[in-house]
Enquirer: 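Below is one structure. I have some questions about it.
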There are 2 protein chains.
Amino acid sequence: MEMSRDLPKAPAASIPDVFDPTCSSRHALELIASKWAMLIISALEEGPMRNAALMRRLGDVSQKMLTQTLKELERNGLVIREDRKTVPPHVVYSLSPVGRSLSETLLVLDRWAETHFGALDAARERYDAERGK
Amino acid sequence: MEMSRDLPKAPAASIPDVFDPTCSSRHALELIASKWAMLIISALEEGPMRNAALMRRLGDVSQKMLTQTLKELERNGLVIREDRKTVPPHVVYSLSPVGRSLSETLLVLDRWAETHFGALDAARERYDAERGK
DNA sequence: TTCCATAGTTACCAAAAGGTGCGTAATTGC
DNA sequence: GCAATTACGCACCTTTTGGTAACTATGGAA
């Protein structure tokens, strides 16, 4: 426990702040600021799922993006990947506790989208009508 | 109020569902699933701001992306742009009521990121250590 | 006269996101 | 022997995102 006498540059164990570009909470935000990450987390909130089930639930995700996004979420500890190492493959994805804490907020966001998308559509139409086509 | 006798194709005024690729609530989600949109909305929650103030608050956004993102948010009715048409220019951005309803949820997300980014960092380090670096 | 300030725009470029299609492994059922 | 199954990996391509730098307008200050 170093008691350094002067901390000329250190931001004093700086308070976490998403507005601080050097704070890695930014990275956390950018991780979920992705088209598929949000939906995958929300989907897994309904329970553990296999690859094919997730594809069906998300509707139009490509195999590549699903795998890729799941890998990133697993890497960051939000999703748990259980590979039963059988042939044919049997892999089950589920939320970690941290992932579950996030899914609650994301479901609120989903509900916001489902509630207000009409207002957005209307605003967009109005904007495009008067301003540029 | 047309009482059509049969609706063979119409999804019965389908319940809004972010998992439905044809539901424009998807578009609403994707709008905010952007690095800067989330932060801009959160920043404007602190009050109306001018271009320069937003740049300072966000720390590392480029002028181009700030303008571009603000324009999209304005187009979708989340942000209000007030141009006083003076020289030098004086433009004030603020949240619309719909934008404000969103910002509440986004602030929860910000706080989630600020709370859990440490866990994500640790998980990432572990993952990279054992699996491919 | 020349410079500054503000909030842009535009052209140009690099990087990342995202899609399609093909190959793969080992076991089960035909 | 042969096909189907499942969850990928890889190569190739297009689109979107994002960054830098240069240019714009105009009234007031130096």
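Quick note on labels: first sequence line is chain A, next is B, and so on, each numbered from 1.
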Enquirer: Rounded to the nearest angstrom, tell me the gap between atom NZ in A:Lys35 and atom P in C:dG19.
Expert: 6 Å
Enquirer: B:Ser62 side chain: which of C:dA5, C:dT9, D:dG19 is closest?
Expert: D:dG19
Enquirer: Do A:Trp112 and B:Ser101 have side chains that get closer than 4.5 Å, going by heavy atoms?
Expert: yes
Enquirer: For A:Glu30 and D:dT17, what is the distance between atoms CD and C1' respectively, to the nearest whole Å?
Expert: 12 Å
Enquirer: From CG of B:Asp60 over to C1' of D:dT17, roughly how many Å is that when rounded to an integer?
Expert: 15 Å
Enquirer: Quick one: B:Glu82 CD to C:dT6 C1', roughly how many Å, whole number?
Expert: 15 Å
Enquirer: Could you state the CZ-P distance from A:Arg84 to D:dC8, rounded to the nearest angstrom?
Expert: 13 Å
Enquirer: When all nucleic acid strands are considered with a 4.0 Å heavy-atom cut-off, which category describes A:Arg81: base, sugar-phosphate, or nothing?
Expert: sugar-phosphate
Enquirer: What's the closest nucleotide to the B:Asn51 side chain, out of C:dT27, D:dA7, C:dG8?
Expert: C:dG8
Enquirer: Between D:dG19, C:dA5, D:dG9, which nucleotide gets closest to the side-chain atoms of B:Trp36?
Expert: D:dG19
Enquirer: If each of A:Lys64 and A:Tyr93 is mapped to the nucleotide of DNA chain D with the nearest heavy atom, which maps nearer the 5' terminus, i.e. the 5' end?
Expert: A:Tyr93
Enquirer: Could you check how far CZ of A:Arg50 sits from P of D:dT6, rounded to whole Å?
Expert: 7 Å
Enquirer: As a test of reading the structure: which of C:dG8, D:dT5, D:dA7 is closest to the side chain of A:Pro89, going by heavy atoms?
Expert: D:dA7
Enquirer: Please report the C-alpha distance between B:Asp60 and A:Arg26 in whole Å, then the side-chain angles of each, then the deciding distance to 0.1 Å, and finally whether the salt bridge (Lys or Arg N to Asp or Glu O under 4.0 Å) criterion is met.
Expert: CA-CA 11 Å; B:Asp60 62 344; A:Arg26 265 289 180 88; 3.1 Å; yes
Enquirer: On DNA chain C, check which nucleotide each of A:Thr69 and B:Pro88 is closest to and give me the residue with the more 5' one.
Expert: B:Pro88
Enquirer: Without decimals, in angstroms, what is the distance between B:Gln63 CD and D:dC23 C1'?
Expert: 14 Å
Enquirer: Tell me: CD of A:Glu72 to P of C:dA17, nearest whole Å?
Expert: 9 Å
Enquirer: Apply the test salt bridge (Lys or Arg N to Asp or Glu O under 4.0 Å) to residues B:Asp83 and B:Arg81: give CA-CA distance (whole Å), side-chain angles for both, the deciding distance (0.1 Å), then the verdict.
Expert: CA-CA 6 Å; B:Asp83 187 346; B:Arg81 186 188 122 110; 3.0 Å; yes
Enquirer: Looking at the side chain of A:Val87, which of C:dG18, C:dG8, C:dT27 is the nearest nucleotide?
Expert: C:dT27
Enquirer: Between B:Glu114 (side chain only) and A:Val18 (backbone N and O only), is there a donor and an acceptor less than 3.5 Å apart?
Expert: yes
Enquirer: Would A:Arg57 pass as a cation-pi partner of B:Phe19, given that its NZ or CZ must be under 6.0 Å from the six-membered ring centre and within 45 degrees of the axis?
Expert: yes
Enquirer: Describe the nucleic acid contact of A:Lys85 in one word from base, sugar-phosphate, nothing, applying a heavy-atom distance below 4.0 Å.
Expert: nothing
Enquirer: What's the closest nucleotide to the side chain of B:Met65 if the choices are D:dG18, D:dT6, C:dG18?
Expert: D:dG18
